[in-house]
Amino acid sequence: MENATNETSGAKHRLFRSKTEVFVFMALYILLSLLVIAGNSLVVVGFKNIRLRTAINMFFVSLAISDLLVGAVSIPLWIYNLSCPYFRSCVEPNEYVTVFYRAFDVFSAMASISNLVAISVERYFAICWPVQHRVSSFTRYYIMIFVTWSYSMTITAVYSVEFSPTWTRYRGSLVFVAGFALPLVIIIVMYSSIHRRVSKMNAHWKRTNAKRSALRKNVQREKRTATTVVIVTVLFIAAWLPFFVVSMLWTFCRSSLLGGRGFIRLMDFIKWMHYSNSVVNPVVYAYRSEEMRRLLVKLPVRVTGRAEQFPGIVRPGNRNN
């Protein structure tokens with residue numbers, strides 16, 4: 001699939017896009033990059049300032065960092081590869097930059113899906129074993145995050161090494177299996193188990209009339225967070241599925257894909273889909289988390305220190321705050 005990316009931005013297909021189209025794409029990607037950086041920076045700052053530090057917040061921050069890397073590195077490099085053939089001073093993208101972009105693009109995707117897997121495991125533990133989850137040491141979750149990023153770097157390293165021409169042609173299968181199919185199976189198993197467990201708990205509480213149980217309230221709160229994660233996961237799959245489908249077709253059945261301008265249009269759609277996913281997560285968090293919304297509303301005061309400029313925000317020290 002990396003060859004397809006190279007052909008999309010290379011001089012061979014420069015006539016498939018007009019200069020006007022390229023400049024429009026550049027403007028859109030620059031805007032997208034800024035939105036990704038701003039949105040995920042707010043998530044990192046927001047979750048770090050939430051008073052109740054929980055394990056899930058750590059994973060949300062880790063996921064936001066992986067999305068932040070997309071906005072700060074992957075998208076600017078894609079803009080370079082996209083626009084380079086249209087400038088006389090460039091002609092062809094630098095080979096080393098292209099190799100780095102290809103590897104980093106894989107790494108950022110692997111990091112995102114690996115964090116979603118880790119979050120699904122944490123949600124399973126939080127809902128199915130609530131007592132043990134509440135007394136667990138944070139060291140366990142730091143180790144999970146470390147393993148998540150190490151896994152992403154390992155797969156990227158193996159993918160980047162050109163062992164043989166055959167491996168180079170079929171190595172996209174590694175990313176599909178290790179970075180999409182296997183994580184998707186784990187996520188489905190985790191959330192299916194959560195659904196069954198919650199159904200059994202609700203049936204038990206209904207029989208015992210345990211409406212005000214502290215454990216029940218805790219599980220319901222964790223369930224709402226799990227729902228937020230499910231939404232994020234579904235959006236991730238929707239954004240990345242076209243890429244992996246086309247990637248597998250490019251590897252095993254290239255003749256079934258469109259050619260020429262049609263293929264370029266398809267690639268433009270695929271790249272926009274999976275890059276735009278990195279700006280979606282902060283919107284979901286802000287919509288689903290009351291505490292996050294409250295913090296984002298107060299953030300202008302914390303940054304400027306001047307509450308009088310924001311009359312809709314309650315000033316610090318007010319007993320109604």
Side-chain angles (χ1 to χ4, degrees), residues 1-2 4-6 8-9 28-44 58-82 93 96-119 144-161 171-172 174-184 187 229 232-233 235-244 246-247 267-285:
M1 189 63 182
E2 66 272 11
T5 301
N6 291 344
T8 302
S9 57
L28 289 174
Y29 277 116
I30 290 172
L31 176 62
L32 181 63
S33 177
L34 294 175
L35 289 175
V36 170
I37 293 172
N40 287 283
S41 296
L42 286 174
V43 169
V44 173
M58 296 164 51
F59 288 100
F60 281 154
V61 168
S62 181
L63 179 60
I65 290 173
S66 68
D67 285 332
L68 193 58
L69 292 175
V70 171
V73 181
S74 292
I75 296 179
L77 288 177
W78 172 244
I79 294 173
Y80 166 76
N81 277 276
L82 178 70
Y96 296 106
V97 174
T98 301
V99 170
F100 175 77
Y101 162 73
R102 185 189 308 155
F104 196 89
D105 214 32
V106 171
F107 172 70
S108 60
M110 292 293 302
S112 293
I113 191 65
S114 298
N115 274 293
L116 289 173
V117 172
I119 290 173
M144 287 179 63
I145 292 174
F146 175 77
V147 170
T148 293
W149 287 91
S150 298
Y151 175 78
S152 303
M153 286 189 286
T154 301
I155 297 299
T156 302
V158 174
Y159 169 86
S160 301
V161 177
R171 61 183 172 180
L174 171 69
V175 178
F176 173 76
V177 174
F180 190 75
L182 181 60
L184 187 58
I187 289 171
V229 178
V232 169
T233 303
L235 291 174
F236 178 89
I237 293 170
W240 279 91
L241 185 60
F243 171 84
F244 284 108
V246 173
S247 178
M267 285 296 298
D268 288 335
F269 169 75
I270 288 172
K271 300 302 288 186
W272 181 262
M273 282 289 290
H274 72 71
Y275 283 148
S276 62
N277 178 251
S278 295
V279 81
V280 169
N281 292 345
V283 177
V284 175
Y285 298 146

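These values consider heavy atoms only, across backbone and side chains, with no hydrogens, waters or symmetry-generated copies.
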Side chains of [X] and [Y]: closer than 4.5 Å at any heavy-atom pair?
X	Y	result
Ile30	Ile79	yes
Tyr29	Lys271	yes
Leu69	Phe107	yes
Ser33	Pro76	yes

How long is the gap from [atom1] on [X] to [atom2] on [Y], to the nearest 0.5 Å?
X	Y	atom1	atom2	value
Leu63	Ser114	CG	OG	10.5 Å
Ile113	Ile237	CD1	CD1	6.5 Å
Ser160	Ile155	OG	CD1	11.0 Å
Leu116	Thr233	CG	OG1	4.5 Å
Asp105	Thr98	CG	OG1	12.0 Å
Met144	Met58	CE	CE	9.5 Å

Salt bridge (charged side-chain N to carboxylate O under 4.0 Å, His left out) partners for Asp67, two or more places apart: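 Residues passing salt bridge (charged side-chain N to carboxylate O under 4.0 Å, His left out) with Asp67: none at all.
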Please confirm whether the backbone N or O of Ala178 pairs with a side-chain atom of Tyr151, one donor and one acceptor, at under 3.5 Å?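 Yes; judged by distance alone, with no hydrogens or angles, the pair exists.
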Please enumerate all residues that pass side chain to side chain contact (heavy atoms under 4.5 Å, CB included) together with [X], with sequence neighbours excluded.
X	answer
Pro242	Phe269, Ile270
Val279	Leu32, Leu35, Val36
Ala238	none
Ala109	Trp240

Tell me every residue that passes side-chain hydrogen bond (donor to acceptor under 3.5 Å, both in side chains) with Trp149, counting only those two or more places apart in sequence or in another chain.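 With sequence neighbours excluded, Trp149 shows a side-chain hydrogen bond (donor to acceptor under 3.5 Å, both in side chains) to Ser62, given in chain and number order.
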Between Met273 and Phe243, does the side chain to side chain contact (heavy atoms under 4.5 Å, CB included) criterion hold? Intermediate values first, please. CA-CA 9 Å; Met273 282 289 290; Phe243 171 84; over 6 Å; no
Considering all heavy atoms of both residues, which atom of [X] and which atom of [Y] are nearest to each other, and what is their separation?
X	Y	result
Asn115	Phe59	OD1-O, 4.4 Å
Ala239	Asn277	CB-CB, 3.6 Å
Ala111	Thr148	O-CG2, 4.4 Å
Phe236	Ser112	CE1-CB, 3.7 Å

Can you check side chain to side chain contact (heavy atoms under 4.5 Å, CB included) on Leu68 and Ser41, steps first, answer last? CA-CA 7 Å; Leu68 193 58; Ser41 296; 3.6 Å; yes
Going by the side-chain contact (heavy atoms from CB on, under 4.5 Å) test, name the single residue among Val106, Leu77, Val73 that passes it with Tyr101.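 It is Leu77, the one option of Val106, Leu77, Val73 that forms the side-chain contact (heavy atoms from CB on, under 4.5 Å) with Tyr101.
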Would Leu241 and Phe180 count as a side chain to side chain contact (heavy atoms under 4.5 Å, CB included) here? Give the steps. CA-CA 9 Å; Leu241 185 60; Phe180 190 75; 3.7 Å; yes
Considering residues at least two apart in sequence or located in another chain, which fulfil the ring pair (Phe, Tyr, Trp, His ring centres under 6.0 Å) criterion with Phe100?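 By the ring pair (Phe, Tyr, Trp, His ring centres under 6.0 Å) rule, Phe100 matches Phe104.
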Please identify each residue that fulfils ring pair (Phe, Tyr, Trp, His ring centres under 6.0 Å) with Phe176, with sequence neighbours left out.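 Once residues adjacent in sequence are excluded, Phe176 has no partner under the ring pair (Phe, Tyr, Trp, His ring centres under 6.0 Å) criterion.
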From CA spacing to verdict: side chain to side chain contact (heavy atoms under 4.5 Å, CB included), Val117, Ile187: CA-CA 6 Å; Val117 172; Ile187 289 171; 4.0 Å; yes
